[in-house]
There are 2 protein chains.
Amino acid sequence: MKGIRQLADYLEISIGTVSRALNGKPDVNEETRRRVLEAAEKLGYVANQSGRSLRQGTTNVIGLMTGSDAQTVENADNFFLGLTDGLQSVFSGHNLDLIVLPCPGEEDPDEYLKRMVARRMVDAMIISATRRIDRRVDFLKQNRLPFVALGRTASSTDHAWVDLDFEGVAKSAIDRLVASGHRSIAVAAPDSDINLGHVFLDGYRRALDDNGIAYDSSLVIRAKSSEQGGYHAASEWLQMRPRPTAIVLIYELMAVGLYRRLAEAGLEPGRDLAVIGFRDGPRGQFLEPRLTSFRMSLHDLGVTVAQTLLSTMPAYAPFYPAQARHCIWPMVLVAGESDPGPVS
Amino acid sequence: MKGIRQLADYLEISIGTVSRALNGKPDVNEETRRRVLEAAEKLGYVANQSGRSLRQGTTNVIGLMTGSDAQTVENADNFFLGLTDGLQSVFSGHNLDLIVLPCPGEEDPDEYLKRMVARRMVDAMIISATRRIDRRVDFLKQNRLPFVALGRTASSTDHAWVDLDFEGVAKSAIDRLVASGHRSIAVAAPDSDINLGHVFLDGYRRALDDNGIAYDSSLVIRAKSSEQGGYHAASEWLQMRPRPTAIVLIYELMAVGLYRRLAEAGLEPGRDLAVIGFRDGPRGQFLEPRLTSFRMSLHDLGVTVAQTLLSTMPAYAPFYPAQARHCIWPMVLVAGESDPGPVS
DNA sequence: CTGAAAGCGCTTACAG
DNA sequence: CTGAAAGCGCTTACAG
């Protein structure tokens, strides 16, 4: 089966009627519609996307831009894959397809985004891993392409975004550690300009302040968001004098490397250093002792991201009248055995 | 900047000349070409993909289909992300863009593929996680869409494919364990119909046979390809009488759960059970004791997959004249401390 | 309710 | 070397 022309010839009706029948337009005889649908099914006809796109000016495709640089790959947990499922559960109801656009490691993310937008590959874009100053946001605003950012940015606030509650995480973690007697609490923060690092550190400072503890910048360890980063953070911690009695990690995978480094030094997480991790998941769940971390539903986050995005698109906004433009996604602390009070 | 029309008007030349200049056709005055390129850059013009695709019949996009079902998500390591980088390094040289097409968990993979192909979203497809009988292969062959399968299938052999050397892995692992004195070696195999499970088990049987050891089907543990699966496999092993002295795992992440389950039982990998894992990577690398596993370059694998695919496409085949249609990707054993000889 | 026709943005024979 | 024109496969006013 090639195109709508062949299908129309086969049915001996005009391509206009075929198109209308297929697209569920009301002004089609029900018997005609039935015949068209049946024939399309039988012959395996599906409209060529380029033809539709060119005519309609829309692609019915939503893009999710991710990085594929070494750093992102190293940090690869199931975050995006889990998110995808939630996104698609919303998009599929509108006949929108999700495609993932992995920015090549060598290409500048800003340039890559520009190229994808200019080629009109997608109707809307989901960007992630926002930086403190993120030019992609300005570019998308300027080009009037609907988008939602997964992560806030300091350079713009009036666009649609969804972000994890990094302040809340910092606050819960610090309060809990202080409550069990810790006063010297280190933190492993990203070594890049990614915005979440700033939000997290702000939350950390504020939480310390709330607890009457002075902020000490030497307790902020910069590390990569990977197992390797956690290993590095533990090495840094080992060299501190005096050593903080607790540490809060900002990435799920860091805990794995940190545990390993402590073991190599003959030390034990929980006993020698209280550890609170970030997002709980299979990685941290199988650690011994079990990691105290924060729970969230990736699927539900995906649903919210998708709904937030659609609510900014005129064609879909009516379906989501009450959708907020911004959302800070809560995370719930799940107690493990990795963060008891300090040995006194 | 809207379209080629605007750019042509701006330059006061015809759209045909603009198109030829932009596409590097030889019959364009060099001064004209310079002006066009300059103006396009200045005004940010990039050809609308739908227009090009419709006219040319090609999209200049390659699709990588992945699953996004619970099983795939759970098994999410950085496999696809790492692969992506290698793929793009080849594609970018031909101005081809890679997009990832995540099949929604609820949708049938065969149907999803059909839809994507029928809509003409991509010029070629990379499919992965091939099953023993994989209808996607037949569908793609029948539709004459260029494709490469990452993974073999029993239902077809004459298409392009690249696969990891599961027989070689089984052979190396068994030989090594036997050499250090093991005679009772269990194996954790996937519980699905994924083809690699069959290949791996065939290799396992052959390697046992080579070593004069009888195959015992009760030593084959079926488990999910995740941490949870490894945890489950260890539970199964704990119940065996007599317990095999060694186990070979078919997925990277299984080792994490297996280690955990052993620890819960007061047992130690290496001492109480020799363990050989699959692909080495950050997950297994940080285990204690260090996991014996197999090394490969994901990036190089991506390069080979991309080249294999392009060699099947008439437009790109001339660039890869010597490319084989099939490739079994070797993996090299990296010794850790998880698989010493049995305690006698 | 249906058909004929225009036109979305491009590329590419074809003339000149 | 350049321009004018056709046409890729669709959808959608517009007539009837």
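Chain naming here is simple, since letters A, B, ... match the order of the sequence lines and numbering starts at 1 in each.
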| field | Where chain B begins and ends its contact with DNA chain D, read 5' to 3' at 4.0 Å from heavy atoms | value |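 Listing 5' to 3', DNA chain D meets chain B from D/dC1 to D/dG9.
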Which salt bridge (charged side-chain N to carboxylate O under 4.0 Å, His left out) pairs, counting each pair once, include a residue from [range], with sequence neighbours left out?
{"range": "residues 146-158 of chain B", "result": "B/Lys141-B/Asp158, B/Arg152-B/Asp163, B/Arg152-B/Glu167"}
{"range": "residues 304-323 of chain A", "result": "none"}
{"range": "residues 89-102 of chain A", "result": "A/Asp97-B/Arg115, A/Asp97-B/Arg119"}

| field | Interface with DNA chain C, restricted to residues 24-37 of chain B and to heavy atoms under 4.0 Å | value |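 By residue number: B/Lys25.
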Side chains of [X] and [Y], heavy atoms from C-beta outward: is any pair under 4.5 Å?
{"X": "A/Leu150", "Y": "A/Trp161", "result": "no"}
{"X": "B/Val61", "Y": "B/Asp123", "result": "no"}
{"X": "A/Met65", "Y": "A/Arg136", "result": "yes"}

| Touch check for B/Ser19, heavy atoms < 4.0 angstrom, all strands: base, sugar-phosphate only, or nothing? |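 Base contact - B/Ser19 has a heavy atom under 4.0 Å of at least one base atom.
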| Base, sugar-phosphate alone, or nothing: which one does B/Ile13 contact when heavy atoms must sit under 4.0 Å apart? |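 Sugar-phosphate, no base atom in range.
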| request: Please figure out whether B/Asn23 or A/Glu12 has its closest DNA chain C nucleotide nearer the 5' end. | output: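 Nearest nucleotide further toward 5': that of A/Glu12.
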ring-ring contact (aromatic ring centres under 6.0 Å, His included) contacts in which one or both residues fall within [range], not counting sequence neighbours:
{"range": "residues 121-157 of chain A", "value": "A/Phe147-A/His159"}
{"range": "residues 299-320 of chain A", "value": "A/His94-A/Tyr316, A/His94-A/Phe319, A/His94-A/Tyr320"}
{"range": "residues 18-40 of chain B", "value": "none"}

| task | Check step by step if side chain to side chain donor-acceptor pair (under 3.5 Å) holds for B/Ser156 and B/Thr153. | result | CA-CA 6 Å; B/Ser156 165; B/Thr153 173; over 6 Å; no
| Donor-acceptor pair between A/Ser311 and A/Thr308 side chains, under 3.5 angstrom |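 A/Thr308 and A/Ser311 do not have a side-chain donor-acceptor pair below 3.5 Å.
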| note | Taking Watson-Crick and G-U wobble contacts under 3.5 angstrom, with | marking pairs to another strand and [ ] crossing pairs, the secondary structure of DNA chain C is written |||.||||||||.|||
| request: Using heavy atoms and a sub-4.0 Å distance, could you list which residues of residues 52-61 of chain B are near DNA chain D? By number, please. | output: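 The answer is B/Leu54, B/Arg55.
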| Given DNA chain D, 5'-ward residue of the pair A/Thr17 and B/Gly16, judged by closest heavy atom |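 Upstream on the strand: B/Gly16.
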| said: Just to verify, what does A/Asp110 make a salt bridge (Lys or Arg N to Asp or Glu O under 4.0 Å) with, not counting sequence neighbours? | reply: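 Residues passing salt bridge (Lys or Arg N to Asp or Glu O under 4.0 Å) with A/Asp110: A/Arg131, A/Arg135.
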| query | Looking at residues at least two apart in the chain, or sitting in another chain, which of them share a side chain to side chain contact (heavy atoms under 4.5 Å, CB included) with A/Arg52? | reply |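 For A/Arg52, the residues satisfying side chain to side chain contact (heavy atoms under 4.5 Å, CB included) (neighbours in sequence not counted) are A/Asn23, A/Ala47, A/Gln49, A/Gln56, A/Asn60.
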